[in-house]
Amino acid sequence: MNATATPATPNEKDRVVIFDTTLRDGEQSPGASMTLEEKLNVAELLDTMGVDIIEAGFPIASNGDFEAVCEIAKVTKNAVVAGLARAIPGDIDRAGDAVRHARRGRIHTFVSTSPIHLQFQMNKTEEQVLEIIRTTVARARNLIDDVEWSAMDATRTPIDYLCRCVEAAIRAGATTINLPDTVGYAVPEEYRAMFEQVRARVPDADKAIFSVHCHDDLGLAVANSLAGVAGGARQVECTINGLGERAGNAALEEVVMAMRTRSDVLPFACNVDPVHLTRASKLVAAVSSFDVQYNKAIVGKNAFAHESGIHQDGMLKNASTYEIMRPEDVGVKATSLVMGKHSGRHAFKDKLAELGYVIGDNAFEEAFRRFKDLADRKKHVYDEDIEALVSDEMATGGEAIRMLSLTVIAGTGGPAKAIVTLDVRGQHVTREETGDGPVDATFKAIKAIVPHEAVLRLYQVSAVTEGTDAQAEVSVRLEEGGRTVTGKAADTDTIAASARAYVSAINKLANGVAFGRGEAMAAV
Ligand code: KIV
Ligand code: ZN
């Protein structure tokens with residue numbers, strides 16, 4: 001085996017289409033909602049890295065989702081832009097309206113096919129669902145040439161009925177057939193067998209591309225996806241960092257690197273350039289506020305760290321002793337000491353470009369001001385510090401409520417006291433509160449200025465780099481009326497970062513970026 005294998009160049013029939021659903025299935029996970037600008041940033045990177053299809057959202061879910069799909073459709077240069085629709089005429093028309101702006105658009109419509117869903121969720125017979133498939137797929141095909149049909153809960157659907165559904169969808173004009181493991185229940189052998197059987201039994205199966213879509217409830221999403229490809233599927237639906245409902249979807253970076261690294265047994269290739277994977281992971285982690293676990297395959301902080309003596313010894317002799325992929329292949333750069341307080345605008349701009357950030361003039365000036373401030377307080381400023389600072393700036397720019405100042409008095413002697421001043425739509429408001437520790441007092445003071453009913457669901461602190469002067473990155477997740485949002489901020493002062501993360505979450509609630517998807521989402 002070649003330790004750092006380059007991908008084989010298989011025939012077109014062995015090309016696997018990468019369908020990214022970070023902005024739809026990924027964004028559906030509670031707390032992962034993104035703003036329009038964040039979605040556009042993610043879509044642009046997905047397009048640059050060679051993703052074939054970007055599922056940009058669920059247009060009927062809300063006006064915000066509709067607008068996001070329209071805008072992504074307008075700016076995407078290469079990828080097909082897909083919009084999701086239930087098997088309901090209104091959904092399909094709305095998805096068609098959103099993707100018609102795209103150079104290449106797709107309507108992705110789905111309906112449940114398993115007995116358990118038919119009985120308890122839909123209250124429909126098998127024949128009724130077959131009729132729904134015929135009419136809705138045909139309706140979508142009247143709007144656009146590229147139509148994907150998904151059999152929701154396919155892996156718990158009897159194979160005979162599943163074959164009838166797939167046949168009906170292909171006859172009605174579906175060009176892609178997706179057989180999802182919606183509840184993450186399948187094991188690789190049976191998932192592969194399902195594709196082999198359906199493709200062998202359904203007349204005209206070769207007229208459509210078959211697709212895998214796996215959830216990770218049993219930790220098998222990537223293994224199942226690859227098994228489905230071995231069974232004849234040629235589209236993989238996946239998300240950056242495996243973001244998605246419950247335990248998430250198959251991770252795009254893992255699927256891509258497994259095919260590339262083990263092309264000896266997985267002789268498939270895709271268009272994604274893996275050098276963008278690390279950046280995509282960081283961007284999605286920042287905008288979704290879902291941190292990547294340290295030991296996550298491919299993009300985790302420790303994915304290429306060799307700690308034990310015996311491993312380090314082998315690595316020094318020859319990297320291939322313990323390394324099956326090169327970190328640089330997935331865009332990992334050696335951590336470098338960047339700049340200090342004497343670095344100027346030019347050096348800072350160059351560093352941002354090297355890290356892959358392009359930000360507007362105003363955001364640049366603010367980021368530079370904060371960099372200088374950080375360099376005054378922190379001895380060494382690393383790439384990770386700059387990344388935290390810029391994602392913080394991108395997340396908070398233009399917010400209606402901003403933190404102006406914070407004073408905290410805390411210690412072992414009694415309750416902590418916090419004095420907070422916020423700029424609330426141009427008005428400066430100050431409140432003083434006491435609490436059970438400095439964070440509690442600070443949050444109470446903020447709540448006194450901006451009263452709300454949101455419940456704190458998560459408060460998490462992690463260090464951006466090492467050392468006692470490291471920046472603390474704080475995530476605050478709030479839930480209000482079924483909507484969940486996450487705010488993030490970084491600062492060398494943990495309480496200041498906490499306050500800004502809390503204010504950022506409140507801004508998101510006020511902006512309605514977590515769309516109350518109500519009935520529409522309940523069906524997905
Ligand atoms: O998991 C699932 O079945 C889905 C469908 C909407 C494709 O996300
Ligand atoms: Zn899904």
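Bear in mind that the values here come from a model prediction, so they are computed numbers and not experimental data. Excluded from the calculations below are hydrogen atoms, water molecules and symmetry mates; all remaining heavy atoms, backbone and side chain alike, are included.
The closest donor-acceptor contact from the side chain of T261 to the backbone of A258 lies at 3.5 Å or more, if one exists at all. Between the side chain of D181 and the backbone N or O of A186, at least one donor-acceptor pair lies under 3.5 Å. At least one donor-acceptor pair closer than 3.5 Å links the side chain of R141 to the backbone N or O of G173. Checking side-chain atoms of K488 against main-chain N and O of E473 turns up no donor-acceptor pair under 3.5 Å. In this structure a side-chain-to-backbone donor-acceptor pair under 3.5 Å is present from T278 to V330. At distances below 3.5 Å, at least one donor-acceptor pair connects side-chain atoms of D47 with backbone N or O atoms of A79. In this structure, D52 contributes its side chain and I18 its backbone to a donor-acceptor pair below 3.5 Å.
Rounded to the nearest 0.5 angstrom, R246 CZ and D216 CG are separated by 10.0 Å. Atom CD1 in I132 sits 12.0 Å away from atom CZ in R86 (nearest 0.5 Å). Annotation: the span from M34 atom CE to S288 atom OG amounts to 5.5 Å, rounded to 0.5 Å. With rounding to the nearest 0.5 angstrom, the OG1 atom of T175 is 13.0 Å from the NZ atom of K207.
Geometrically, R477 engages F290 in a cation-pi contact, judged by NZ or CZ lying under 6.0 Å from the ring centre and within 45° of the ring axis.
Under the 3.5 Å distance criterion, with hydrogens and angles disregarded, a donor-acceptor pair is assigned to the side chains of T113 and T157. A donor-acceptor pair shorter than 3.5 Å can be found between the side chains of N241 and S281. Side-chain N/O atoms of E237 and S211 include a donor and acceptor closer than 3.5 Å. Side-chain contact annotation: S114 with D153, donor-acceptor N/O pair under 3.5 Å present. Using modelled atom types and a 3.5 Å distance limit, the side chains of H108 and E55 yield a donor-acceptor pair.
Between L266 and V229 the shortest side-chain heavy-atom distance does not fall below 4.5 Å. Under the 4.5 Å side-chain criterion, counting only non-hydrogen atoms from C-beta, I159 is in contact with M194. The closest side-chain heavy-atom distance from S475 to L458 is below 4.5 Å.
Pairing each heavy atom of P274 with each of M257, the nearest pair is CB-SD, 3.6 Å. G26 approaches A32 most closely through the heavy-atom pair O-CB, 3.8 Å. Shown here for R199 and G231, the closest heavy-atom pair between the two residues is NH1-O, 3.5 Å.
Of the residues listed (E196, E189, E190), the one engaging R192 in a salt bridge (Lys or Arg N to Asp or Glu O under 4.0 Å) is E196, and it is the only one.
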Report task. Please step through salt bridge (Lys or Arg N to Asp or Glu O under 4.0 Å) for the pair E167 and R164, ending with a clear verdict. Result -> CA-CA 5 Å; E167 184 177 347; R164 290 180 67 202; over 6 Å; no
Report task. Mind running side-chain contact (heavy atoms from CB on, under 4.5 Å) on D217 and Y185 for me, showing each step along the way? Result -> CA-CA 7 Å; D217 300 68; Y185 178 73; over 6 Å; no
Report task. Check the pair W149, V111 against side-chain contact (heavy atoms from CB on, under 4.5 Å), reporting the backbone distance first and the verdict last. Result -> CA-CA 8 Å; W149 175 76; V111 70; 3.7 Å; yes
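Using cut-offs of 30° and 60° for the angle between ring planes, the H213 and H215 rings count as tilted.
With respect to the salt-bridge test (charged N to carboxylate O, under 4.0 angstrom), the residues D273 and R260 do not qualify.
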